[in-house]
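Chain letters run A, B, ... following the sequence lines, proteins first, then strands; residues in each count from 1. The structure displayed is predicted, hence computed values, not measured ones.
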There are 2 protein chains.
Amino acid sequence: MSDRPAPRETYSEAIEDFLKAIYLLQQEHERVQTSTLAEALAITAPSTTEMAKKLARAKLVSHEPYRGMRLTAAGERIALEIVRNHRLIELFLVEALGYSWDEVHEEAERLEHAISDRLAERIAEYLGDPHFDPHGDPIPTAEGDVRELELTPLSEWPLHTPGVVTRLLNQAPDMLRYLSEKGLTIGAEVEIVARDPFEGPLTLRTAGGKQVINPNVARYVLLAEKDEAQQR
Amino acid sequence: MSDRPAPRETYSEAIEDFLKAIYLLQQEHERVQTSTLAEALAITAPSTTEMAKKLARAKLVSHEPYRGMRLTAAGERIALEIVRNHRLIELFLVEALGYSWDEVHEEAERLEHAISDRLAERIAEYLGDPHFDPHGDPIPTAEGDVRELELTPLSEWPLHTPGVVTRLLNQAPDMLRYLSEKGLTIGAEVEIVARDPFEGPLTLRTAGGKQVINPNVARYVLLAEKDEAQQR
DNA sequence: CGGTATCTTTAGTTTAACCTAAATCGCGAA
DNA sequence: TTCGCGATTTAGGTTAAACTAAAGATACCG
Ligand SMILES: [Mn+2]
Ligand SMILES: [Mn+2]
Ligand SMILES: [Mn+2]
Ligand SMILES: [Mn+2]
């Protein structure tokens, strides 16, 4: 009738989100600090320490008290599976169900824990084993391989040089909608026509015409050269 | 005066499964007993009593100690939403992702709690607002309306009278595979050619030829007359 | 080199959802 | 009409995941 299924994995949603958050923060910081992780998970520092100790006991994380933590190989394997699920779901919602790219994140945040390995593979198959999600984030393979591209933030892109928007690091819905309005969507071609001094605004040419944008925002927009962008 | 419905509370997976199980058992029993429900949920009777008391306090269930419980209108509304999600997901997995009907239940058991209202509606739209899931179970509308058809178990169907398989009450994967082998899938035409006495086997004619089947199993197979079955 | 601000951990609590063991209820049979 | 048995509830305990308050460590600055 409605007997609950045996959990596919032995790990709780809390643990999965914890490991995933460490994985994502490790892209930026060599060691992940308690406070950074607490902030990312919207929980308190003591809760974070407690979970870190528990996962260290389980050998999913290596935690050196007072100086942060890193995933072990076992922890990374789990994190990559959740990241894969998340990004596959985001793309599936866009491709199969007409979601727009600014609506998918929250839905994926829950579904990433609820789908079976089998469903993840069916979705991947449906999508033709994609390598990138709707925000340009790379989708790890089922075996846990990811290739992070070497991309350059729009804020540091050279003047008068056409580039292609390839990845967006800030995925808050209002940020994504704002970037859409400026013509900065994945695959869009863009060129910087002027850069003001003192952290001043950038002037861009996009398909939608001339745009002005703050370099703090441009930091989130990663570009590739036109020919590099082809081979995605 | 915009009377937008108050943002509905969100209930735990345990509560949602509890309400759903009561709903399903109410189809059979006027009042749902503690032990029946405990068995359906694979939890102990004390855990069941405790949850019943909690949901009675929340006015989702009316619980008369020692003599079972029923859903209130509020509880039924939630149960129907979960049942709708479950059945939409089952059908979606079959229609969009090539699952077979014996594989979908367990997946839906988790996903039913993880999808948003918006995703449920997108899935319904994708499927063309369907009224029945892959097992012939009716899918409640978003407003909470269900129409249960009046169907007859194969075990009680008259001899030499063609009928159409319309719903399957037992959805264990091995049962569903067994019924498939016997040619008893949704929409299949069937006729009883002999019925042995003393609860003996039924002899059937299906598209796959002559079949013999135990009446205990035939009880789960619900039939409609050929013309009734046309109107879905 | 010491003082202090900030970050981190420890200690102790809470809540949800389960459990086992024991007490209690209700109903049918004697 | 009472007895006893099965069903149900009560009592008390456990675990996971959060919290606040307080203690401890690190690092930076003068
Ligand atoms: Mn998540
Ligand atoms: Mn993404
Ligand atoms: Mn469920
Ligand atoms: Mn079903």
Side-chain angles (χ1 to χ4, degrees), chain A residues 1-22 25 28-70 75 78 82 109-110 112-114, chain B residues 9-22 25 28-70 75 78 82 109-110 112-114:
Chain A
M1 186 153 293
S2 53
D3 41 1
R4 237 157 297 142
R8 166 180 58 91
E9 269 176 358
T10 18
Y11 303 104
S12 67
E13 186 162 333
I15 289 175
E16 290 182 348
D17 276 338
F18 196 93
L19 294 172
K20 186 182 69 159
I22 299 173
L25 290 169
E28 304 254 323
H29 317 278
E30 181 59 20
R31 302 195 64 81
V32 177
Q33 302 303 129
T34 299
S35 53
T36 314
L37 186 52
E39 155 107 53
L41 291 167
I43 62 177
T44 61
S47 302
T48 306
T49 300
E50 184 179 43
M51 182 65 99
K53 281 167 59 182
K54 181 163 101 180
L55 296 187
R57 248 176 280 129
K59 300 265 201 286
L60 297 175
V61 150
S62 74
H63 178 217
E64 201 183 331
Y66 291 100
R67 40 202 78 225
M69 67 198 89
R70 286 190 62 77
I78 297 160
I82 305 305
E109 199 55 56
R110 273 171 291 109
E112 64 190 359
H113 312 287
Chain B
E9 282 169 73
T10 131
Y11 299 98
S12 69
E13 187 162 334
I15 289 174
E16 289 181 349
D17 276 337
F18 196 93
L19 294 173
K20 186 182 67 160
I22 299 172
L25 290 168
E28 306 252 323
H29 316 278
E30 181 60 20
R31 302 195 63 82
V32 176
Q33 302 302 128
T34 299
S35 53
T36 315
L37 186 53
E39 153 108 52
L41 290 167
I43 61 176
T44 61
S47 301
T48 307
T49 300
E50 184 179 44
M51 183 66 97
K53 281 166 58 182
K54 181 164 100 179
L55 297 187
R57 247 177 281 128
K59 301 264 200 291
L60 298 175
V61 151
S62 73
H63 178 217
E64 202 183 330
Y66 293 100
R67 39 200 81 224
M69 67 198 89
R70 287 190 61 77
I78 298 161
I82 305 304
E109 199 55 57
R110 273 173 288 107
E112 63 190 359
H113 312 286

Visitor: Pick the nucleotide of DNA chain D nearest each of E64(B) and A42(A); which residue has the one closer to the 5' end?
Guide: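 Its nearest nucleotide lies further toward 5', so the answer is E64(B).
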
Visitor: For P46(B) and for A45(A), find the nucleotide of DNA chain D with the closest heavy atom, then tell me which residue's nucleotide is more 5'.
Guide: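 Comparing both residues, the 5'-ward one is P46(B).
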
Visitor: Please list all pairs passing the side-chain hydrogen bond (donor to acceptor under 3.5 Å, both in side chains) test where one or both residues lie in residues 36-52 of chain A, with sequence neighbours left out.
Guide: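 Listed once each, the pairs are T44(A)-S47(A).
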
Visitor: Among all residues two or more places apart in sequence or in another chain, which pass the side chain to side chain donor-acceptor pair (under 3.5 Å) test with E16(B)?
Guide: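 Expected list: H113(B).
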
Visitor: Would you mind reading off the distance between M69(B) atom CE and dT9(D) atom C1', rounded to a whole angstrom?
Guide: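 M69(B) atom CE is separated from dT9(D) atom C1' by 12 Å.
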
Visitor: Just compare dT8(D), dC19(D), dC19(C) and give me whichever is closest to any side-chain atom of T44(A).
Guide: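 For the T44(A) side chain, the nearest candidate turns out to be dC19(D).
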
Visitor: Residues of residues 51-61 of chain B with any non-hydrogen atom less than 4.0 angstrom from an atom of DNA chain C: list those, numerically ordered, please.
Guide: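 Result for residues 51-61 of chain B: K54(B), sorted by number.
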
Visitor: Under 4.0 Å: is that the gap between some side-chain N or O of S47(B) and OP1 or OP2 of dC18(C)?
Guide: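 Negative; the distance criterion is not met.
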
Visitor: Contact list please: residues 28-40 of chain A against DNA chain D, heavy atoms, distance less than 4.0 Å, in numerical order.
Guide: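 When residues 28-40 of chain A is checked for heavy atoms under 4.0 Å from DNA chain D, there are no hits whatsoever.
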
Visitor: What is the distance from CZ of F18(A) to C1' of dA18(D), rounded to the nearest Å?
Guide: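 In whole Å, dA18(D) C1' lies 13 Å from F18(A) CZ.
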
Visitor: Please write out each protein N/O paired with an N/O of nucleotides 1-5 of chain C under 3.5 Å, distance rounded to 0.1 Å.
Guide:
none

Visitor: Using atom names, set out every protein N or O paired with an N or O of nucleotides 23-26 of chain D below 3.5 Å, distance rounded to 0.1 Å.
Guide:
none

